Amino acid sequence: MPVSAAVLLSTARPCTSVPKARGRAADCKTAQASRSRCLTPPMPRQASAARSASASAGLKAAETKYTSFIQIAIKNPKLSFAIVVLLADAVLVSLIIAYVPYTKIDWDAYMSQVSGFLGGERDYSMLKGDTGPLVYPAGFLYIYSAIQYVTGGEVYPAQILFGILYIVNLGMVLLIYLKTDVLPWWALCLLSLSKRLHSIFVLRLFNDCFATTLFHAALVSFLYQKWHLAQWGCLSEDECSSFCTSVVTPLAEETSNSGSNHGKQAMDVFGVVSAGAGAAIVQILLGLPFLISHPVAYFSRAFNLGRVFVHFWSVNFKFVPEPVFISKGFALSLLAVHLLLLGAFAHYKWCRHEGGLFSFLHFKLAQMKLKFCILSSFPLRGLEEHNINTRVLKTEHIATTMFVGNFVGVVCARSLHYQFYSWYFYSLPYLLWRTPFPTWFRLILFVAVELCWNIFPSNVYSSTLLLGAHLVILGGVWMAPPEYPYADNTNGKPANKKKTR
C-alpha cells in the first residue's frame, strides 16, 4: 500500500484502533503520532479542569462545614443565644466607642510611663505619669508599648483595640459557660448587661482588661485539660497574679490525679512545680532590664504588697473609718480571714470527696513517693500504670473552684477600685446559679452588685450594700451541697447533668 494511503487510513480510523501497518517505518511513526494525539489531552485544558475540580471540592467542604455549624446551632439553643449575645454586644461596643465620650483617667499616665521606658529609662522609681509612679511589673510596659506602637498613643484607635479585646474576652467567657452548662440559656445575657464593664474596657482603657482576659484564657485551658498552658496563661501576666494565684496552685495540685479526655497523663505535682518555675523564669526575663540596673527600685515599686490605696477611691469598706482602713492591723485581719476562708472551702468543699484537705495532701505526698519508687525501678511500666489510674475532673468543679477562690479574694480585699470590678463580674452569674437561692433572688443580688459599682463616688450605704451582697453570695455558695468532682462517675449516681433552674 502506498505511504499516503496508509496515512489516510490510519487517521480515519477510531482513536482506539491500533494501525496494522508494520511494513514501513513511516507508517509506524504516523500511527504512533496519531495515537498520542488521541490519548493525551492538551495540558492547559487538563490543568484548568483540575483547578475547577479542586475549587468545587473546597466550596463543597466549606458549605458542608457551614451547614454542619448551622445544624448544631439549631439543635443547641444555648449556643445560638450565645452567638446572638456576642454579636449584639459587638454592635453595642461599636456604638459606645462612636458616640460616648472617652473618660480620661489613666491613659495619659500609661503613655508617659511607656515613653520613659522606650526612651531608655531603667530606673523604676523614675517612671511616672500624671496620676503617680509606675506600680505594675514589667509585663505592663511591654503590653502598653505594643499598644502605643500600634495606635500611636491616640485614644480612638486604642478604644477600637480594647473593643476587640472586650469581644474576645466575652467570647471566652461564653465558651466557659457553654462548657460548664450551669446557667439557663436566657441568663447568658447577664454577661453583657454591665455598664461599668463596658466603661472599664472601651472608655477608660484600664490595664486590668488584659489581666481579666488572661485569667479567662487560663480557665479555658483548664477546662480543656491543657494544664501547662493554663499555668502559663494565668501566671504570665504580672497583674493577674495579684488575684488568681491563690487558687491556681491548689487547683493545679488537685488536678494531679486527673487525666485528660484523651487518656493522657494530666499535670502532677512535679508538673505544677515545673510550670510555676517556668512562669517565674518568664517574669525574671521580663524584668531583667530593670533587675540588672536598679533591682531595689524595681522590686519596691512593682511588688509593693504593703501599698495602701486612698480611702476615697475605694468602693468597699467605705463605712470603715479612714484611720482604721489604712492601718496595718486591718490589713492583716483581712489576710487572715482570706486564708481561713480558702482553707475552709478547700477542706469542706473542694477536697471533701478525698476526705478533706489534709487527707488529700497526705494522699498526694504518698502518691509522689510511690510514683518516684515505681519510675526508678520500672520506668515504662510505671508510666503505663499511672496513666491507667488517672481520673478526669468535671468542668463544673474546675470552674467552681477557680471562681469561688477568686471571689473569696475579692470579698477580703481591703480596697476595691472601680476597675477591679472586671476581676469577678463575669463569675457572678455562675456563682449565683451555684447557690440554692430562687431565680428572682439571684437576679436581685446581681442588680444590687451592679448598682453599687455604678455609684460614684461610693458612700457608706453603697459600700455596706456591696459587702452584704458579697457575703450573701458567698454564704449561698457555701450552702450548696458539694458535687462529685470526677467525671468517671464511680459514686453510683446517674451521669446526667443537673438541669439549671
Side-chain angles (χ1 to χ4, degrees), residues 65-66 68-97 161-202 208-226 229-230 233-234 240 244 261 394-404 406-407 421-435 439 442-443 446-447 449-450 497-501:
K65 291 182 179 180
Y66 180 75
S68 169
F69 178 78
I70 294 296
Q71 291 175 350
I72 294 175
I74 292 175
K75 293 180 180 179
N76 188 352
K78 183 176 289 189
L79 174 60
S80 304
F81 190 73
I83 295 174
V84 172
V85 169
L86 188 65
L87 296 177
D89 212 346
V91 174
L92 178 60
V93 168
S94 303
L95 294 176
I96 292 174
I97 294 174
L161 182 63
F162 274 78
I164 296 173
L165 181 67
Y166 175 90
I167 296 302
V168 170
N169 177 65
L170 180 60
M172 289 191 296
V173 171
L174 289 170
L175 178 61
I176 292 170
Y177 278 87
L178 292 174
K179 184 73 174 176
T180 55
D181 198 22
V182 170
L183 262 66
W185 64 270
W186 59 267
L188 293 176
C189 66
L190 298 176
L191 298 169
S192 62
L193 295 182
S194 174
K195 175 184 176 182
R196 178 60 64 184
L197 255 293
H198 287 91
S199 175
I200 290 171
F201 270 84
V202 298
D208 302 80
C209 303
F210 289 94
T212 300
T213 304
L214 286 172
F215 173 72
H216 292 140
L219 181 51
V220 170
S221 301
F222 269 128
L223 297 182
Y224 283 92
Q225 312 287 325
K226 307 297 182 181
L229 182 61
C234 205
C240 193
C244 69
N261 292 331
K394 289 182 178 179
T395 55
E396 296 89 344
H397 179 73
I398 296 174
T400 300
T401 306
M402 292 290 284
F403 283 151
V404 173
N406 181 43
F407 186 66
Y421 190 32
S422 62
W423 292 2
Y424 76 106
F425 163 77
Y426 290 104
S427 66
L428 277 178
Y430 186 97
L431 295 174
L432 288 170
W433 260 261
R434 300 303 287 179
T435 65
T439 300
R442 294 167 180 163
L443 295 177
F446 180 85
V447 172
V449 173
E450 176 69 18
K497 293 184 177 180
K498 181 180 178 181
K499 293 184 179 181
T500 53
R501 287 176 290 177

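Residues: numbered from 1 along the sequence shown. Model, not experiment: these values are computed from the prediction.
For the 3.5 Å distance criterion, the side chains of Ser194 and Tyr426 fail to qualify, holding no donor opposite an acceptor.
In this structure, Arg442 contributes its side chain and Thr435 its backbone to a donor-acceptor pair below 3.5 Å. Between the side chain of Thr212 and the main chain of Ser422, a donor-acceptor pair closer than 3.5 Å is present. In terms of modelled atom types and a separation under 3.5 Å, the side chain of Asn169 and the main chain of His216 share no donor-acceptor contact.
Expressed to the nearest 0.5 Å, how far OG of Ser427 lies from CG of Leu432 amounts to 9.0 Å. Going from atom CG of Leu219 over to atom CD1 of Ile176 covers 4.0 Å, rounded to the nearest 0.5 Å. The CG atom of Leu197 lies 7.5 Å from the CD atom of Glu450; values are rounded to the nearest 0.5 Å. Remark: Glu396 CD to Lys179 NZ distance equals 9.5 Å, nearest 0.5 Å.
Contact check for Phe201 versus Leu170: no side-chain heavy atoms found under the 4.5 Å cut-off. Proximity of Leu191 to Pro429: side-chain heavy atoms (C-beta onward) are separated by under 4.5 Å at one or more points. Contact annotation: the side chain of Tyr224 approaches that of Leu175 to within less than 4.5 Å [non-hydrogen atoms, C-beta and beyond]. Between Trp433 and Thr439, some side-chain heavy-atom pair lies under the 4.5 Å cut-off. Looking only at side-chain heavy atoms (C-beta outward), Ile200 and Phe425 stay at 4.5 Å or farther from each other. Between Tyr421 and Leu428 there is a side-chain heavy-atom pair separated by less than 4.5 Å. Looking at Ile83 and Leu87, their side chains come closer than 4.5 Å, going by heavy atoms from C-beta outward.
The cationic group of Lys78 does not satisfy the cation-pi geometry with Tyr177, failing either the under 6.0 Å distance to the six-membered ring centre or the 45° limit from the ring axis.
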Requested in this report: Go through the steps to decide whether Val449 and Tyr424 satisfy the test side-chain contact (heavy atoms from CB on, under 4.5 Å), and finish with yes or no.
Outcome: CA-CA 11 Å; Val449 173; Tyr424 76 106; 3.7 Å; yes
Requested in this report: Step by step, work out the side-chain contact (heavy atoms from CB on, under 4.5 Å) result for Phe210 and Phe162.
Outcome: CA-CA 9 Å; Phe210 289 94; Phe162 274 78; 3.5 Å; yes
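Contact between Val220 and Met172 at its shortest, heavy atoms only, is CG2-O, 4.0 Å. Taking each heavy atom of Leu178 and Ala82 in turn, the nearest pair found is CD1-CB, 4.1 Å. When all heavy atoms of Leu190 and Phe446 are compared, the closest pair comes out as O-CZ, 3.5 Å. The two residues Thr395 and Leu223 have their closest heavy-atom pair at O-CD2, 3.5 Å. Taking each heavy atom of Thr180 and Ala399 in turn, the nearest pair found is CG2-CB, 3.8 Å. Of all heavy-atom pairs between Leu86 and Gly171, the closest is CD1-N, 3.9 Å.
Aromatic ring orientation, Phe81 versus Trp185: perpendicular (interplanar angle above 60°, classes split at 30° and 60°).
Under the side chain to side chain contact (heavy atoms under 4.5 Å, CB included) criterion, Ala90 pairs with Ile167, not counting sequence neighbours.
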